[in-house]
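Here is how names work: the chains are called A, B, and so on, in the same order as the sequence lines, proteins then strands, and each is numbered from 1.
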There are 2 protein chains.
Amino acid sequence: MSAAERALDQVLRLTLALEQDMTSSLARVGLTPARSHVLWLLVAEGPSPQVALARALDVTPRNVTGLVDGLERDGFVTREPDPSDRRAQRVTLTPRGREVADGLVAGRSTLAAQLFAGLSAERVESIGSDLELLAARVEALVAEAAG
Amino acid sequence: MSAAERALDQVLRLTLALEQDMTSSLARVGLTPARSHVLWLLVAEGPSPQVALARALDVTPRNVTGLVDGLERDGFVTREPDPSDRRAQRVTLTPRGREVADGLVAGRSTLAAQLFAGLSAERVESIGSDLELLAARVEALVAEAAG
DNA sequence: TATTGTTATACTCTATAACTATA
DNA sequence: TATAGTTATAGAGTATAACAATA
């Protein structure tokens, strides 16, 4: 097995472990990855019509209906009428939803600190650059395959 | 945002792009990620009882029934009686299943080459070591959360 | 008794298609 | 006519629980 293949194996190992870590962390606060993405967007963008969420998530509007149904049932968001368009529903964080969403933001910081603890600033920068290169290359492959 | 947070963002960007790349590559040969894991195991281990697949995939036996149903319907595997245990079904690659599975192995090599093209052997080794460190740290977090 | 795999049931994420209400 | 969101339907992945056949 080549060095490149060994390195790719470590990338895949990292992605698998990260997915497990995030999924279990989210489950502890009653969220799934897909629903957490919605909360993440609502923190960044404020109350949003579902069609905007669908575009940002690159998912069908029907899918957003389901995600918001679940978040609403569990008390994280409400659907408010849009004052400027009576067709639209503005998805809005409840106080509890905002609390949990703020926790997601804090959790990301904590994870970053744990992941890079004890490494020099230069080393962290260097690793970040390498990861950026790899990410850009994979994104190019995805774009090529799609286009 | 700290350097560690920027680096974590690149990790997440990489994982997202990789997932998209692999999912679309697999779809082109009629596979999903979960089903491809089964083929991957069958190439490595040879014909296997479903319970062995369930353990290796860390998934319930019921789930394997569904995955093998799909693979069987699409002609990638067959269920053969186990000569040594009449309760068990030995999941076995068909010739076409083996062909596709060999393609998965080759595809991994190709992806590794594309990802690290133009980088010196030392650089690839260094990136691999960094990734190994990060993967080990995330795995430790997962184990801690589970235990 | 324990193990292998299945049927029954359910939940989440995802998609397409047809439809309503509004723009 | 076009857009926002829904109902209807479907498929994939996952789970638990109850059960049959076999060890």
Side-chain angles (χ1 to χ4, degrees), chain A residues 16 19-20 22-41 45 47-74 76-92 146, chain B residues 16 19-20 22-41 45 47-74 76-92 146:
Chain A
L16 180 64
E19 189 200 333
Q20 292 176 339
M22 291 194 301
T23 300
S24 74
S25 297
L26 291 170
R28 251 172 266 131
V29 295
L31 284 174
T32 61
R35 289 177 194 175
S36 78
H37 292 157
V38 174
L39 294 196
W40 203 270
L41 280 173
E45 306 292 333
S48 308
Q50 292 186 190
V51 68
L53 300 175
R55 288 196 195 103
L57 296 168
D58 193 24
V59 119
T60 62
R62 176 61 184 90
N63 198 346
V64 173
T65 297
L67 296 175
V68 172
D69 283 350
L71 287 167
E72 192 174 39
R73 172 174 51 72
D74 294 346
F76 296 115
V77 305
T78 55
R79 280 186 244 237
E80 306 291 341
D82 186 321
S84 68
D85 186 339
R86 282 191 297 170
R87 295 170 304 179
Q89 303 277 13
R90 289 210 323 192
V91 182
T92 306
Chain B
L16 180 65
E19 190 201 334
Q20 292 176 339
M22 292 193 301
T23 301
S24 74
S25 296
L26 291 170
R28 250 172 267 132
V29 296
L31 284 175
T32 62
R35 289 177 193 175
S36 78
H37 291 156
V38 174
L39 294 196
W40 202 269
L41 280 173
E45 306 293 333
S48 308
Q50 293 185 190
V51 68
L53 300 175
R55 288 195 195 104
L57 296 168
D58 193 24
V59 119
T60 61
R62 176 59 184 92
N63 197 346
V64 173
T65 297
L67 295 174
V68 172
D69 283 350
L71 288 167
E72 192 173 40
R73 172 176 49 74
D74 293 346
F76 296 115
V77 306
T78 56
R79 278 187 246 236
E80 306 292 339
D82 186 321
S84 69
D85 186 340
R86 282 191 297 170
R87 294 170 304 180
Q89 303 277 11
R90 288 210 324 192
V91 182
T92 305

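- B/Q50 pairs with exactly one of B/Q89, B/R55, B/R79 by the side chain to side chain donor-acceptor pair (under 3.5 Å) rule, that one being B/R79.
- Nearest heavy-atom pair across A/R90 and A/P47 is NE-CB, 4.1 Å.
- Heavy-atom minimum distance, A/P33 versus A/L26: CA-CD1, 3.6 Å.
- Between the CG atom of B/D82 and the P atom of D/dT22 there is a distance of 13 Å, rounded to whole Å.
- In the helix from C/dT1-D/dA23 to C/dA23-D/dT1, the end axes, each obtained as the rotation axis mapping the C1' atoms of four pairs onto the next four within a five-pair block, lie 20° apart to the nearest 10 degrees.
- When DNA chain C is scanned in the 5' to 3' direction for atoms under 4.0 Å from non-hydrogen atoms of chain A, the outermost contacting nucleotides are C/dT12 to C/dA23.
- Between A/Q50 atom CD and D/dT7 atom P the separation is 11 Å, expressed in whole Å.
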Could you run through nucleotides 10-19 of chain D and give me one letter per nucleotide, 5' to 3': B if any protein heavy atom sits under 4.0 Å from the base, S if only the sugar-phosphate is that close, - if neither?
--SSBBB---

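- The phosphate of D/dA23 (OP1 or OP2) has a side-chain N or O of B/R86 nearer than 4.0 angstrom.
- For A/P49 against A/A88, the heavy-atom pair with the smallest separation is CB-CB, 4.4 Å.
- Of all non-hydrogen atoms in B/D74 and B/G30, the two that sit nearest each other are OD2-O, 4.3 Å.
- When all heavy atoms of B/L57 and B/H37 are compared, the closest pair comes out as CD2-CB, 3.6 Å.
- Using a 4.0 Å heavy-atom cutoff across all strands shown, A/R79 reaches sugar-phosphate atoms only and no base atom.
- Note that the CD atom of B/E80 and the OG1 atom of B/T92 stand 4.5 Å from one another [nearest 0.5 Å].
- Residues B/T65 and B/R62 meet the side-chain proximity criterion, which asks for heavy atoms closer than 4.5 Å.
- The closest side-chain heavy-atom distance from B/F76 to B/L31 is below 4.5 Å.
- Screening A/L39, A/L41, A/V77, A/L67 for a side-chain contact (heavy atoms from CB on, under 4.5 Å) involving A/V91 leaves a single residue, A/V77.
- Under 4.0 angstrom from either OP1 or OP2 of D/dT3 there lies no side-chain N or O belonging to A/R55.
- Closest non-hydrogen pair, A/R35 versus A/L71, comes out as CB-CD2, 3.7 Å.
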